[in-house]
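Working notes for the structure below.
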Amino acid sequence: MELFQAKDHYILQQGERALWCSRRDGGLQLRPATDLLLAWNPICLGLVEGVIGKIQLHSDLPWWLILIRQKASVGKLPGDHEVCKVTKIAVLSLSEMEPQDLELELCKKHHFGINKPEKIIPSPDDSKFLLKTLTHIKSNVSAPNKKKVKESKEKEKLERRLLEELLKMFMDSESFYYSLTYDLTNSVQRQSAGERDLRPLWQKVDDRFFWNKYMIQDLTEIGTPDVDFWIIPIIQGFVQIEELVVNYNESSDDEKSSPETPPQESTCVDDIHPRFLVALISRRSRHRAGMRYKRRGVDKNGNVANYVETEQLIHVHNHTLSFTQTRGSVPVFWSQVGYRYNPRPRLDKSEKETVAYFCAHFEEQLKIYKKQED
């Protein structure tokens, strides 16, 4: 899809669809693609793969719009459902500041023979310039307030550091995955139970593993079918998909080279040794996530720290087998202080204070997974 920058908006366009994001208040609007003609001097910045959502990491900083800048195909699950890994993101500050060089792939339709998109240069005839009074002009050229300059520099430093951490989280961890047609948040068993559910993909996901749920909330609250195209549920975790052939009667290299071994006729692999599709999908819960040693135990909703569901999936001859495991922090109120090797665990609440939340965690486990084995 194409990304445009206009005076007051960033605009994403795909075919006849367009998503407008205000650079003033971060508001999102669904509008016809033809409305691009109404935008003030739209400039195509390049191509992106989709929308992750909006985020504000600090109250003193503007909202950021996060887009999938580059993806890598992991493979295809049964039913020809492609799974992709987010490899690079683009971050747009929802303010009047000019965007930094996003290094997007250029759109051939708008950048034929152009190396980089041109930046918008405000017109001197624009109304905001005409409305400036002598007082405004004097204040603009007056000596800067040292305190404000210091605060501004600290704010810029904070914004730069948080942006670097955000980019690092996506690009270095390689742990964010999505599919436009397959529900990565739900196991095969849960998907089978909801086969007759005709709702769009994002409305059927497991809330625990919908990593960008709150980042995309402005879109989910619009409540019209047109919004479905723009909502991409993303999981944090790991996905690997491989195809293999298991040859149970494979002869050794010595037997193959022996003159006594009669030549064998070539046979279709699937006739004797069927192809298996093997997939491993790990989903990390968005509840009570955090760094090791800093996030431990259970919360007052029964969620445990760094909870992960791992599904092993095998598909052969139109049959799919799935085995699911879960792991998480011990469901009591406990913590560890410091980063030294093997810091001693500390119980933060008594057994009496803990038992209700301990039970809430396992009641939820039994409700979702039925019989449990350790």
Side-chain angles (χ1 to χ4, degrees), residues 49-50 71-87 174-211 228 232-258 261-285 308-327 365-374:
E49 300 292 341
K71 67 179 182 182
S73 179
V74 176
K76 290 187 176 182
L77 291 171
D80 204 35
H81 299 290
E82 185 179 28
V83 178
C84 297
K85 175 171 63 178
V86 178
T87 55
E174 296 188 344
S175 61
F176 295 93
Y177 298 82
Y178 70 94
S179 173
L180 299 178
T181 57
Y182 187 87
D183 182 3
L184 287 176
T185 70
N186 274 307
S187 65
V188 168
Q189 290 90 340
R190 294 198 295 272
Q191 289 188 51
S192 298
E195 279 183 337
R196 296 183 180 180
D197 190 341
L198 301 180
R199 291 178 299 167
L201 178 67
W202 68 271
Q203 292 184 12
K204 297 186 289 186
V205 296
D206 188 320
D207 182 76
R208 298 173 298 166
F209 308 117
F210 190 174
W211 183 82
D228 299 339
I232 302 176
I234 291 176
I235 67 164
Q236 184 183 23
F238 176 79
V239 180
Q240 184 172 352
I241 303 170
E242 301 290 346
E243 188 179 79
L244 55 90
V245 177
V246 179
N247 190 343
Y248 299 102
N249 301 314
E250 185 74 35
S251 57
S252 67
D253 291 339
D254 292 337
E255 290 175 339
K256 287 180 180 179
S257 59
S258 171
T261 304
Q264 298 180 353
E265 295 182 6
S266 59
T267 310
C268 177
V269 172
D270 278 345
D271 290 343
I272 301 177
H273 311 299
R275 295 184 182 274
F276 289 78
L277 186 142
V278 181
L280 185 70
I281 305 173
S282 282
R283 313 168 176 101
R284 188 187 189 197
S285 173
V308 178
E309 177 188 270
T310 298
E311 179 182 16
Q312 301 169 63
L313 187 152
I314 298 177
H315 181 81
V316 59
H317 285 331
N318 296 321
H319 295 284
T320 301
L321 307 175
S322 170
F323 178 72
T324 303
Q325 296 173 290
T326 62
R327 59 87 56 206
Q365 283 287 104
L366 291 169
K367 178 182 174 182
I368 296 173
Y369 301 103
K370 313 304 179 188
K371 185 179 178 181
Q372 302 282 292
E373 295 182 9
D374 56 18

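Please read all numbers here as calculations on a predicted model, not as lab measurements.
Here the OG-OH distance, from S187 to Y369, works out to 7.0 Å after rounding to the nearest 0.5 Å. Separation of atoms CZ (F210) and CD (Q236) is listed at 14.5 Å; rounding is to 0.5 Å. Distance check: R199 CZ to D228 CG gives 11.5 Å after rounding to the nearest 0.5 Å. For the atom pair T185 OG1 and I234 CD1, the distance stands at 12.5 Å (nearest 0.5 Å). For the atom pair OG1 (T320) and CG (L277), the distance works out to 8.5 Å, reported to the nearest 0.5 Å. Distance check: D80 CG to Y182 OH gives 13.5 Å after rounding to the nearest 0.5 Å.
A donor-acceptor pair is defined here as one N or O able to donate and one able to accept, closer than 3.5 Å; no such pair exists between the side chain of K204 and the backbone of D183. Within the 3.5 Å criterion, the main-chain N or O of S322 finds a donor-acceptor partner in the side chain of Q189. One N or O on the side chain of Q191 and one on the backbone of N186 form a donor-acceptor pair closer than 3.5 Å.
At least one side-chain heavy atom of I281 sits under 4.5 Å from a side-chain heavy atom of L77. Side-chain atoms of Q312 and Q325, non-hydrogen and from C-beta on, do get closer than 4.5 Å to each other. A 4.5 Å side-chain heavy-atom check between E49 and I232 finds every atom pair outside the cut-off.
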request  = Mind running side-chain contact (heavy atoms from CB on, under 4.5 Å) on V205 and I235 for me, showing each step along the way?
outcome  = CA-CA 10 Å; V205 296; I235 67 164; over 6 Å; no

inquiry  = Please determine whether side-chain contact (heavy atoms from CB on, under 4.5 Å) holds for the pair T181 and L201, giving the CA-CA distance in whole Å, both sets of side-chain angles, and the decisive distance to 0.1 Å.
reply    = CA-CA 7 Å; T181 57; L201 178 67; over 6 Å; no

query = Does the side-chain hydrogen bond (donor to acceptor under 3.5 Å, both in side chains) test come out yes or no for T324 and E309, once each step is laid out?
reply = CA-CA 7 Å; T324 303; E309 177 188 270; 5.4 Å; no

ask   = Are D206 and R283 close enough, and set up right, to give a side-chain contact (heavy atoms from CB on, under 4.5 Å), and what steps lead you there?
value = CA-CA 10 Å; D206 188 320; R283 313 168 176 101; over 6 Å; no

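Scanning all heavy atoms of the two residues, the minimum distance from S179 to L184 falls at N-CD1, 3.9 Å. Between V74 and C84, the closest heavy-atom pair is CG2-C, 4.1 Å. The two residues V308 and S282 come nearest to each other via the heavy atoms CG1-CB, 4.1 Å. Closest non-hydrogen pair, Y178 versus P233, comes out as CB-O, 3.6 Å. The two residues K370 and K367 come nearest to each other via the heavy atoms NZ-O, 3.3 Å.
Listed by first and then second residue, the salt bridge (charged side-chain N to carboxylate O under 4.0 Å, His left out) pairs that reach into residues 237-247 are E243-R275, sequence neighbours excluded.
Of the N and O atoms on the side chains of T326 and Q365, at least one donor lies less than 3.5 Å from an acceptor on the other residue.
The salt bridge (charged side-chain N to carboxylate O under 4.0 Å, His left out) test applied to E82 returns no partner, not counting sequence neighbours. With sequence neighbours excluded, the residues forming a ring-ring contact (aromatic ring centres under 6.0 Å, His included) with F176 are F170, W211, listed by chain and number.
Aromatic ring pairs are classed by plane angle as parallel below 30°, tilted from 30° to 60° and perpendicular above 60°; the pair F238 and Y177 is perpendicular.
Classification of E311 and R190 as a salt-bridged pair fails, no side-chain N sitting under 4.0 Å from a carboxylate O.
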